Each structure stands twice: as structure tokens, then as C-alpha cells.
Amino acid sequence: MDFGLKGKLAVVSGSTAGIGLAIATTLASEGAKVVVNGRTEARVNVALEKIRHHHKTADVQGIAADLGTVSGLETFVKQIPHADVLINNLGIFEPKPFAEISDADWLRFFEVNVLSGVRLVRHYLPGMLKNNWGRIIFISSESAVQIPAEMIHYGMTKTAQIAVARGLAESVAGTGVTVNSVLPGPTASEGVTGFLDSMAKQRNLSTADIEKEFFKSVRPSSLLKRFETPEEIAAVVAFVASAQSAAISGAAVRAEGGVIRSI
């Protein structure tokens, strides 16, 4: 299937590792011009090397900017004034008991996970509407629906992303622009893989044993019974970003391995 992304300019925030890097790599493989983003030049350059290693002719560039801040956004959009596809992947998470989550924590999570995407959409949406074509995707999480007790502030931001995406979709009804959110489940990203390896060493178990235990006790509703790969999430995102997905807008697309039991 031709995704119709050849020559389209795709911005992927927070794309130096994990799901973001996998999305950037997949979009590049589809012929899109991809902008990789991270907070440091070093991480951005490593990500670009990884993408070019997989796709030698990839049309990619990198911009180092902290999109969780207004100044970072301004730096970024000065260099990338237009985008056809916007993937709001930037996000942070941190397990913390509710009573210990300070006002500063709540505000920091909201600014990075939600406002970063809101600000980017505010900048790029007018151009998409002018061209009557665009794809905006918020990378949310199954935690938006099943709020994790160990990081309620994170779950709140993921729910907010779904709400923002739906509202934006309503606001562009009847145009060639679509807005959606994608809900990954537990994914073997860089941080998760490191955590699993550490736990395995501490308990003198294999990583496979730790993974099996996680899905037995922490995410028992999973139908996949394993961590998803970033590439599996990226494949879903690439389709939602494609020209072939015109009938999908205002949706919370579930790619969470069946963790969410409701229909």
C-alpha cells in the first residue's frame, strides 16, 4: 500500500529514542521528509545516524530544542515553519505516590506532555488548513483510560491529550486535516528495557521471567502478554498519518495489546 507520504514534511517531537525514533524511522522509510527532535545535539545526531543506517537515502534533519518550553518551541518553529504531518510524541513519566506529587510536578507534566503538543498544533495547523491537508497525531497511552495509581499525574496528561485531539478534530471538520490520538500499551522502549534488565539482575532472573511476571501481576488484562515493540506502534502511527487514513479523525486509536477491556 502506498501511504502517500512521499515528499510530505513530518515533525516528530521527542524522537531520539523509543517510540518516537521508531515513528521517525518508519515515516522516513515511506519517503517522508522527517524532522527529528530532542533536547541535545548529541542525542539528535545519534538518532539521525540510526535512521540513515536503516535507510541510507532517508531525507531527515534534526533540531535540538526543548519543546516542553516556550523558548524551545520558538527555536524549533523558526527553523521548521511548516509541517504536513505532526506527531506529538514528546512525553515524560515518573512513578510517584499521589501525596508526594507537588504542584510543580503537576504543572511540569502538563506543560511537557500536553502543552508541547498544543503549542505545536497552534503553529502548524493554519498552514495545514490553507493546504487542505494535514495529519496531527497525539501519542497518548492506555494509561489515559486505565489511570495508573502509581503515576496519576502522568495518566491525567494522557487523558488530556485524547480530549485535545478530539476537540481539534471537531474544529477542522469537513477539511483535509485529521486529528487523532494513538494509545500504545506497555512498550519495550529504552527506559523500560533498561528497567527490566536491572530488575532481572537484582533478582537473578531472566528478562523473559520478569516480563512474564509483569503481565501476570501488573497488566493481567493484556491479550498480547508481552511488551510491544516501538516498531509495532510506529506501524500504526504511520498508517494513521498516511493519505489512506482520511476516514479516521477524532479517534482514540488503540494499539495497546488488548490491555483495555472495555469496548
Side-chain angles (χ1 to χ4, degrees), residues 12 14-26 29 38-39 42-43 46-47 49-51 53-54 87 89-101 105 109 112-113 138-159 161-162 181-240 252-263:
V12 187
S15 47
T16 58
I19 291 173
L21 178 57
I23 292 170
T25 303
T26 301
S29 73
R39 286 182 294 178
R43 284 183 66 86
V46 169
E49 289 176 8
K50 289 180 178 178
I51 294 172
H53 176 74
H54 289 288
I87 312 295
N89 177 71
L90 178 63
I92 56 175
F93 71 95
E94 175 190 37
K96 184 177 277 193
F98 174 75
E100 296 177 15
I101 305 173
D105 289 331
F109 269 71
V112 174
N113 292 7
F138 287 79
I139 305 303
S140 180
S141 167
E142 53 96 5
S143 293
V145 179
Q146 301 183 150
I147 307 295
E150 71 275 12
M151 45 185 182
I152 296 171
H153 52 337
Y154 169 78
M156 174 274 298
T157 64
K158 297 288 108 177
T159 306
Q161 285 180 313
I162 294 175
S181 53
V182 172
L183 282 60
T187 304
S189 60
E190 187 178 55
V192 170
T193 300
F195 175 76
L196 290 174
D197 289 342
S198 175
M199 285 292 294
K201 288 178 182 177
Q202 288 179 23
R203 299 177 56 188
N204 197 28
L205 295 170
S206 69
T207 302
D209 287 336
I210 295 295
E211 181 174 1
K212 185 176 180 180
E213 183 178 290
F214 175 88
F215 285 97
K216 182 178 181 180
S217 60
V218 182
R219 291 292 188 275
S221 61
S222 170
L223 303 179
L224 201 58
K225 298 300 181 187
R226 65 166 174 82
F227 286 99
E228 297 170 86
T229 68
E231 291 73 22
E232 288 169 336
I233 303 302
V236 175
V237 174
F239 175 74
V240 177
V253 179
R254 286 165 41 174
E256 30 62 67
V259 171
I260 301 172
R261 280 194 166 123
S262 62
I263 58 173

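Given the structure is predicted, the values throughout are model-derived calculations rather than measurements.
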4.5 Å side-chain heavy-atom contact, Ile147 and Met156: no
Rounded distance [0.5 Å steps], CZ in Arg254 versus OG in Ser140: 12.0 Å
Stepwise side-chain contact (heavy atoms from CB on, under 4.5 Å) check, Thr187 with Val192: CA-CA 7 Å; Thr187 304; Val192 170; over 6 Å; no
Any donor-acceptor N or O pair under 3.5 Å, side chains Thr157, Gln161: no
Ring geometry between His153 and Phe109 (parallel below 30°, tilted from 30 to 60°, perpendicular above 60°): tilted
Glu142 (side chain) donor-acceptor with Ile260 (main chain) under 3.5 angstrom: no
Atom pair CZ/CD1 of Phe138 and Ile87 - distance to nearest 0.5 Å: 10.5 Å
Pro184 side chain near Ile139 side chain, heavy-atom distance below 4.5 Å: yes
Non-hydrogen side-chain atoms of Ser141 and Phe93 separated by less than 4.5 Å: no
Any pair counted as salt bridge (charged side-chain N to carboxylate O under 4.0 Å, His left out), so long as it reaches residues 223-238, sequence neighbours left out: Arg226-Glu232
Sub-4.5 Å side-chain heavy-atom contact between Phe214 and Arg219: yes
Closest non-hydrogen atom pair, Leu196 against Thr207: CB-CG2, 4.0 Å
Minimum-distance pair of heavy atoms, taken over all atoms of Ser189 and Gly18: CB-CA, 4.3 Å
Test item: Thr16 and Val46 side chains (from C-beta on) under 4.5 Å apart, heavy atoms: no
Whether Lys201 side chain and Ser206 backbone form a donor-acceptor pair below 3.5 Å: no
Heavy-atom neighbours of Lys96 NZ exceed 12 at 6.0 Å: yes
Ser222 side-chain N/O to Val259 backbone N/O, donor-acceptor pair under 3.5 Å: no
Side chain to side chain, Val237 and Thr26, heavy atoms closer than 4.5 Å: no
From Glu150 atom CD to Ser143 atom OG, the distance as rounded to the nearest 0.5 Å: 7.5 Å
Closest non-hydrogen atom pair, Ala144 against Ile162: CB-CD1, 3.5 Å
Check: Leu21 main-chain N/O paired with Thr25 side-chain donor or acceptor under 3.5 Å: yes
Separation between CG of Asp105 and CD1 of Ile152, rounded to the nearest 0.5 Å: 12.5 Å
Nearest non-hydrogen partners of Ala47 and Ser15, listed with the distance: CB-O, 4.2 Å
Contact check, side chains of Asp209 and Glu213, non-hydrogen atoms, under 4.5 Å: no
Minimum heavy-atom distance between Ala255 and Val236, given as atom pair plus value: CB-CG2, 4.1 Å
Nearest heavy atoms of Ala252 and Leu183, plus distance in Å: CB-CD1, 3.9 Å
Rounded distance (nearest 0.5 Å) linking atom CD1 of Ile101 with atom OH of Tyr154: 13.5 Å
Pairwise distance CD1(Ile23) to CD1(Ile233) - rounded to 0.5 angstrom: 8.5 Å
